[in-house]
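Both counts, for ligands and for their atoms, begin at 1 and track the order of listing. Throughout, residue positions are numbered sequentially from 1 according to the sequence presented.
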Amino acid sequence: MATSVQNKKAKILEKQKKYLFPNHVLYYTEPLPFDHGEGVFLWDTEGKKYLDFFGGILTTSVGHNRTEVTSAVQQQTEKIIHSSTLYPNEAHVNLAEKMAELAPGKLQVSFFTTSGTGANETAVVLAQTHTGNQEVIALRHAYHGRSAMGMSLTGVGTWRIGGTAIGSIKHALNPYCYRCPLKMTYPSCGVACAQDVEEVIKTTTSGKIAAFIAEPIQGVGGFITPPAEYLKITSEIAKHYGGLMISDEVQTGFGRTGDKWFGIEHSDVEPDIMTMAKGIANGFPLGNTMTTPEIAQSMMDAQLTLSTFGGNPVACAASLATMNVLEKDANPTRVAELGNMLRIGLEKMQEKYNIIGDVRGRGLMQGLELVKDRTTKEPAPEATKHLFEETRKLGLIIGKGGLYGNVVRISPPMTVNEEEIAMALDVLDKAFKVVQGAV
Ligand SMILES: Cc1ncc(COP(=O)(O)O)c(C=O)c1O
């Protein structure tokens, strides 16, 4: 390998270590800098090619260097890059119109920010303003962001830096069927865990809540997928105690779960507020909080607010182009078909490899929980790390999650095709063979 190529990587890793906070979580024993991408493929700085089945954390929704997105960005950049939310902008309002078309129910108005964290901050403040209540119910194993409020909403201890805890946020049991917190089994359990939301409201709040916030599938938590009835029961409990239902669609939005544009739509629940980011603009920083015109009015009546970078015209242009590609080439029906193929392949792998304890998820959001023993379900974080190194060697990028660091997250760009899914399954099979052999 040419020395200049090796130097490039070494320099990146050296500067990473010297100039960035050491708490940046980096995958792999030797961190992996990427140089460029095309479709579902990535190339590292040494020219090695990888299949990208994590999409920069479910964010590159229509693939790398997608022409429609790149040219929309170029065109907008030449017109105007920034004006702030103080001035109406064509890309901003056009995107808001598109969001209203895609969103379910009465969710018709948007407030754009720059991240999922920002979207959730907006959602909670909105719910507090609208209801006049302060307390919020979130779920254990949830992830909602990295601000003080985002970490406080989060229910995975490892992501709550420094023990920060703001606001009156309480965490209810989550519907983690594989490791049921009540040691029961679905469906004979009658979704008993859902009742914990009421128990938590009655015992740890004043009885009047502002909101219940949940991810339709817990992402960082390890693609934990609730039983169909769970979100309906819990959102009705929240409503009974005065709270709005916030669906955090940061990972599950834009068709990712297949068949529907948003994850909550699988549950027959009309959320009062939905938050989104990640896949919204194929990698451009954009967050969005959607609600009904009536609820949005409460914030207007309360105080002033703005977002300097929110609704940035370039990010909005990228998002509009991303939505157009999704509608044309990777709509929710197509994602469901592809997800089905991926799921069947993963379930076959579970039959072969004992370390795969659970296969779960929906659409192109599939997770594998790795265990040392299927009976004890003891988590296997070391095997997960080993699988990462093996898949890296074989040229496949996957993601990780879960409180115990033992859930493999598979979520390729939604424009992936059948051949690419078959390639990824083949690599995973080879890697599992090595990892299973080493256990
Ligand atoms: C469900 C969910 N909500 C919120 C966030 C925070 O988004 P961001 O990292 O863009 O602030 C994330 C990030 O992973 C997420 O998965």
Can you list the ligand 1 atoms lying under 4.0 Å from a non-hydrogen atom of [X]?
X: Ser115; answer: 10 (O), 11 (O)
X: Glu215; answer: 1 (C)
X: Gly145; answer: 6 (C)
X: Lys278; answer: 13 (C), 14 (O), 16 (O)
X: Asn120; answer: 3 (N), 4 (C)

What is the nearest protein non-hydrogen atom to [atom], stated with its residue, atom name and distance?
atom: atom 16 (O) of ligand 1; answer: Gln251 NE2, 2.8 Å
atom: atom 3 (N) of ligand 1; answer: Asp248 OD2, 2.7 Å
atom: atom 11 (O) of ligand 1; answer: Thr117 OG1, 2.5 Å
atom: atom 2 (C) of ligand 1; answer: Tyr143 O, 3.3 Å

Met300 atom CE, neighbour heavy-atom count above 12 within 6.0 Å: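 No - once you tally the heavy atoms of other residues, nucleotides and ligands closer than 6.0 Å, there are 12 at most.
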Qualifying residues under salt bridge (Lys or Arg N to Asp or Glu O under 4.0 Å), relative to Lys79, sequence neighbours excluded: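 Expected list: Glu90.
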Option with minimal heavy-atom separation from atom 7 (O) of ligand 1, where the choices are Ala277, Gly116, Ala214: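 Going through Ala277, Gly116, Ala214 one by one, Gly116 has the nearest heavy atom to atom 7 (O) of ligand 1.
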Partner of Phe34 under ring-ring contact (aromatic ring centres under 6.0 Å, His included), chosen from Tyr50, Trp43, Tyr28: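 The ring-ring contact (aromatic ring centres under 6.0 Å, His included) with Phe34 is passed solely by Tyr50 among Tyr50, Trp43, Tyr28.
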Cation-aromatic face contact Lys260/Phe262, 6.0 Å, 45 degrees: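 Not satisfied by the 6.0 Å and 45° rule.
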Student check: side-chain heavy atoms of Pro187 and Pro227 closer than 4.5 Å: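 Pro187 vs Pro227: side chains apart.
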Under 3.5 Å: donor-acceptor pair, side chain of Ser319, backbone of Ile280: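 Side chain of Ser319 to backbone of Ile280, a donor-acceptor pair under 3.5 Å: yes, one is there.
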Stepwise side-chain hydrogen bond (donor to acceptor under 3.5 Å, both in side chains) test for Tyr241 and Glu135: CA-CA 11 Å; Tyr241 291 93; Glu135 291 159 297; over 6 Å; no
Test item, His144 contacting ligand 1 (heavy atom, 4.0 angstrom):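 Flag set, His144 near ligand 1.
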Pair Glu249-Thr252, side-chain donor/acceptor within less than 3.5 Å: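 Side-chain D/A pair, Glu249 to Thr252: present.
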